[in-house]
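For this chain, numbers begin at 1 and follow the sequence in order. We count ligands from 1, going down the list as the structure has it; atoms in each ligand are counted the same way.
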Amino acid sequence: MQSNDPIQIGLAGYGTVGTGLAQILLNNRDWIFRRLGREVRIKTILVRDLSKVRSAIPSPETVFTDRIEDLIDDPELDLVVELIGGYDVAYRIITGALRSGKSVVTANKALLAEHGPELLSLASRNNLGLSYEASVAGGIPIVQTLKESLAGNRIKSLTAILNGTANYILSEMTEKGLQFEEALDMARKMGYAEADPSLDVDGIDAAHKLTVLIRLAYGEDYPYRALSVEGISGVEPYDIMRAKDFDYEIKLIAQVKEKSGSLQAGVFPALVRNDHMLAKVDGPFNAILLEGNAVGPIMLYGQGAGDLPTGSAVLADIMTLVNRKSFYNNTGFLETSLPKASILPSELTAAKHYFRFTVQDRPGVLSVLSGIMGEHNISIAQVVQKQEANGQTVPVVFLTHTAQLKDVTSAMHEISKLEFIKAPTVHYRLL
Ligand code: NAP
Ligand code: HSE
């Protein structure tokens, strides 16, 4: 890519992000030319359904196809951009393009989480770019920040809101009292949700992104399936209200911490205090709070999903690759394959906790519950029995001081067997 000829892009996928990219290329054409000295053109677009009516087409010369060979085998293409998502076809496009000498830009965190080591190593061995800024946190430049701007720091911890759909749903439930399904439906209409939205609400999408970030922050490969992952589909309006009473909001948190050379990481809904910076991140916005050993705390905040924010990150990768002359270093580390991470089990995590027990309303219940918690080294900070008894059961909410997750697990196990416990206990960590 040395001449002043237009840069010819092969684009796989023309949905939310693909059309967003095309729109930015059109709106900012002169600006992009000023920076690159070359035009960026979408020559070919791969889609699934050629009969679909497309509202905006990049240019009259753009060709739509349903054959991946039209991207992989076209010698006139400078770059391939994969915005299909999923595994099978996306994998074939990326590996095919890299094997035929084309650098690739992708937003596909699912594929990067599962097959990242293999794909990144294939790109490095071919001295090609495999760029993925848009794969994590939409428009927020977190990949570049970890790879370059914070390259000299040891990252002590990273705590983030990485799924716009889940954050949007929780914000709508908290602020407007919407039901879960109602808020999810809106997130789908806005183009935030994955093709399979269970990936968003079950915490899997955030886990995919966390895996990508761990690689960039620690230079280690943390197998995605080793993460402990819990989603938001079980979050009930009752707990959102109780959290509010205590000045907390429920957020889906992705977190990794470094402890004595090992990593502790997971995705979980947590109560975040209203004065914490992450509590102010609402709607489809994402944020990443980092603690570097030189820079100290840093927070990046922006839109984590949607056509233009995500298209913005894809375009940044395209423009960076065009300007690169040689040596593609796609993880920010010199190794072609990264070492495996040393993983600390999540049971060793220490945090404050929220419990909601549904108990039979009778004398002595509170003392039994607090007695069991005391035996498991869990010290109670607050207890609230907000709702009047309905004659049968009553919810009792406990907030604790810092306690080990392993102690919480064993106390919950013991409590679950008590005859006055009438429903599964609700448990969240506090941030
Ligand atoms: P989308 O709106 O569902 O669009 C997917 C596009 O891929 C469609 O144009 C579809 O073709 C095409 N496609 C799907 N399967 C195909 C197949 N087997 N062969 C050929 N084409 C196929 O998806 P999106 O929201 O733009 O997401 C694209 C990628 O970006 C995903 O990896 C996603 O995780 C990631 N991402 C999305 C966002 C976001 O806000 N949406 C943000 C960050 C990252 P048809 O048009 O013919 O159906
Ligand atoms: N479905 C994803 C989200 C898109 O809601 O965050 C951005 O990766």
Self-check item: Presence of salt bridge, Asp185 and Arg188, under 4.0 angstrom
Solution: no
Practice problem: Tell me, please, whether Tyr354 has Arg356 positioned over its six-membered ring: NZ or CZ under 6.0 Å from the ring centre and within 45 degrees of its axis? | Solution: no
Practice problem: Scan Thr44, Asp74, Asp70 and name whichever one has a side-chain hydrogen bond (donor to acceptor under 3.5 Å, both in side chains) with Thr65. | Solution: Asp70
Measure and list all N/O to N/O distances between ligand 1 and the protein that fall under 3.5 angstrom.
| from | atom 1 | to | atom 2 | distance (Å) |
| --- | --- | --- | --- | --- |
| ligand 1 | 2 (O) | Thr16 | N | 2.9 |
| ligand 1 | 2 (O) | Thr16 | OG1 | 3.4 |
| ligand 1 | 9 (O) | Tyr14 | N | 2.7 |
| ligand 1 | 9 (O) | Gly15 | N | 3.3 |
| ligand 1 | 11 (O) | Arg48 | N | 3.2 |
| ligand 1 | 21 (N) | Arg48 | N | 3.1 |
| ligand 1 | 26 (O) | Thr16 | N | 3.2 |
| ligand 1 | 26 (O) | Val17 | N | 2.9 |
| ligand 1 | 34 (O) | Lys109 | NZ | 3.1 |
| ligand 1 | 34 (O) | Glu194 | OE1 | 2.7 |
| ligand 1 | 34 (O) | Glu194 | OE2 | 3.4 |
| ligand 1 | 40 (O) | Gly306 | N | 2.7 |
| ligand 1 | 41 (N) | Gly191 | O | 3.1 |
| ligand 1 | 46 (O) | Lys52 | NZ | 3.2 |
| ligand 1 | 46 (O) | Arg54 | NH1 | 2.7 |
| ligand 1 | 46 (O) | Arg54 | NH2 | 3.3 |
| ligand 1 | 47 (O) | Arg48 | N | 3.1 |
| ligand 1 | 47 (O) | Asp49 | N | 2.8 |
| ligand 1 | 47 (O) | Arg54 | NH2 | 2.9 |
| ligand 1 | 48 (O) | Arg48 | NH2 | 3.2 |
| ligand 1 | 48 (O) | Lys52 | NZ | 2.7 |

Self-check item: Heavy atoms from other residues, nucleotides or ligands near CD of Glu335 exceed 12 (cutoff 6.0 Å)
Solution: yes
Quiz item: Counting only N and O atoms by type, is there a donor-acceptor contact under 3.5 Å from the side chain of Asn28 to the main-chain atoms of Trp31?
Solution: no
Quiz item: Where does the angle between the aromatic ring planes of His208 and Tyr224 fall among parallel (under 30°), tilted (30 to 60°) and perpendicular (over 60°)?
Solution: tilted
Quiz item: More than 12 heavy atoms of other residues, nucleotides or ligands under 6.0 Å from CZ of Arg35: is that the case?
Solution: no
Quiz prompt | Short N-O contact, Glu133 and Lys147, less than 4.0 angstrom | solution = no
Quiz item: Taking 4.0 angstrom as the limit, do Arg154 and Glu258 come out as a salt bridge?
Solution: no
Exercise. Using heavy atoms and a cut-off under 4.0 Å, could you grab the residues that are in contact with ligand 2, chain by chain, numbers ascending?
Key: Lys109, Leu162, Asn163, Gly164, Thr165, Tyr192, Ala193, Glu194, Asp200, Asp205, Lys209, Gly304, Ala305
